[in-house]
Amino acid sequence: MNSPEQPLPAFDEVLLCTPQTSAEQVGLFLRRCLIPCRGGEKIYTMLYADELSYDVSCRAEELFQHLQHYNSSYRLVILCNCERDNSYLPSAFSHYKVHMIPQRSQAEIQQYLQHHFRVAQPSDSAASVFKEHMCVGIVSSKRAGMGK
């Protein structure tokens, strides 16, 4: 985010973890991150790693320990809910833990995201529905299940 021209992460750089995420999915992701190739300087991110099941977390740690010897310059960020930092994966990687404070203001982050999510020529797309022709939006309600 040092420049508005820096791209958002590509689909292969992010793994959104859920309790249903399989060991195979995590393994493929870690291989992309830890096995050197000509992919450039990508930053790989596991979101909600604390949601992984115990078995998947154990296998992920074992694979990480095995693969990290192939690449000493990997870039891996594991984001977890701070209230669940006693889960297996956050505990296993706790010696790498860094408490992060955003370096940019909320307004700067929003401006960066707006730059990347704005549709150039809004025609008959969903972007015409959202504010300022954004291709993404958040619809929320204080009343659950009210047809969002």
Side-chain angles (χ1 to χ4, degrees), residues 1-119 126-127 129-132 134-148:
M1 225 186 86
N2 293 329
S3 161
E5 302 310 314
Q6 283 183 309
L8 292 170
F11 71 94
D12 64 332
E13 295 176 81
V14 179
L15 178 65
L16 180 60
C17 300
T18 68
Q20 291 75 37
T21 302
S22 69
E24 289 77 20
Q25 290 171 307
V26 175
L28 287 171
F29 179 78
L30 288 174
R31 283 179 177 83
R32 278 196 302 266
C33 173
L34 297 169
I35 295 177
C37 64
R38 296 179 303 193
E41 295 290 321
K42 293 184 175 187
I43 300 173
Y44 293 89
T45 306
M46 288 179 70
L47 298 171
Y48 304 116
D50 53 292
E51 294 281 330
L52 294 173
S53 70
Y54 180 80
D55 292 336
V56 171
S57 296
C58 289
R59 290 177 64 185
E61 182 196 13
E62 289 172 13
L63 183 60
F64 175 84
Q65 297 299 337
H66 174 73
L67 292 176
Q68 75 173 346
H69 303 291
Y70 291 104
N71 187 0
S72 62
S73 62
Y74 62 88
R75 294 176 170 194
L76 175 62
V77 177
I78 301 175
L79 296 175
C80 302
N81 182 341
C82 65
E83 294 174 3
R84 293 184 43 123
D85 64 350
N86 59 345
S87 301
Y88 185 86
L89 214 54
S91 297
F93 288 92
S94 64
H95 55 283
Y96 296 109
K97 184 188 285 189
V98 175
H99 291 283
M100 192 187 133
I101 299 170
Q103 301 296 310
R104 305 283 187 197
S105 69
Q106 182 178 354
E108 287 177 303
I109 294 169
Q110 287 174 336
Q111 188 175 30
Y112 172 79
L113 292 173
Q114 284 176 352
H115 173 77
H116 287 284
F117 288 129
R118 184 170 285 119
V119 175
V129 175
F130 292 115
K131 181 181 173 184
E132 299 178 13
M134 295 292 135
C135 63
V136 296
I138 297 174
V139 178
S140 65
S141 172
K142 291 181 181 176
R143 296 174 60 193
M146 299 305 294
K148 293 181 281 297

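Just so we're clear, the structure is a prediction, and the values are computed from it rather than from any experiment. One is the number of the first residue; the rest follow in order along the sequence.
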Residues forming a side-chain contact (heavy atoms from CB on, under 4.5 Å) with [X], sequence neighbours excluded:
X: Tyr54; answer: Cys58, Tyr88
X: His66; answer: Tyr70
X: Gln68; answer: Phe64, Gln65, Tyr74, Tyr96
X: Ala60; answer: Val26, Leu30, Leu89

Which value, rounded to the nearest 0.5 Å, describes the distance between Leu15 atom CG and Leu52 atom CG?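 That separation rounds to 7.5 Å.
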
Would you give the length of the straight line joining atom OG1 of Thr45 to atom CG of Leu76, rounded to the nearest 0.5 angstrom?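 Atom-to-atom, Thr45:OG1 and Leu76:CG are 7.5 Å apart.
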
Sorted by first residue and then second, give each salt bridge (Lys or Arg N to Asp or Glu O under 4.0 Å) pair with at least one member in residues 11-37; sequence neighbours left out.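 Found Asp12-Lys42.
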
Which residue pairs satisfy the salt bridge (Lys or Arg N to Asp or Glu O under 4.0 Å) criterion with at least one member in residues 53-66, sequence neighbours excluded? none

Short side-chain to backbone donor-acceptor contact, Ser22 and Gln25, under 3.5 Å: yes

Over all atoms of both residues, closest heavy-atom pair of Ser87 and Ser91: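 Taking every non-hydrogen atom into account, O-OG, 2.9 Å.
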
Provide the closest heavy-atom pair for Val14 versus Pro9 in the form atom of the first, atom of the second, distance.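 Here Val14 and Pro9 meet closest at CG2-CB, 3.7 Å.
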
Identify, with sequence neighbours excluded, every residue that meets side-chain hydrogen bond (donor to acceptor under 3.5 Å, both in side chains) alongside [X].
X: Ser94; result: none
X: Tyr48; result: none
X: Thr21; result: Thr18
X: Glu51; result: none

Side-chain touch Leu63/Phe29, heavy atoms, less than 4.5 angstrom: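 No, too far: nothing below the 4.5 Å cut-off.
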
Who are the salt bridge (Lys or Arg N to Asp or Glu O under 4.0 Å) partners of Arg75, not counting sequence neighbours?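 Result, salt bridge (Lys or Arg N to Asp or Glu O under 4.0 Å) vs Arg75: Glu41.
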
For Tyr112, the option from Gln114, His115, Glu108, His116 that meets side-chain contact (heavy atoms from CB on, under 4.5 Å):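 Output: one option passes, namely His116.
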
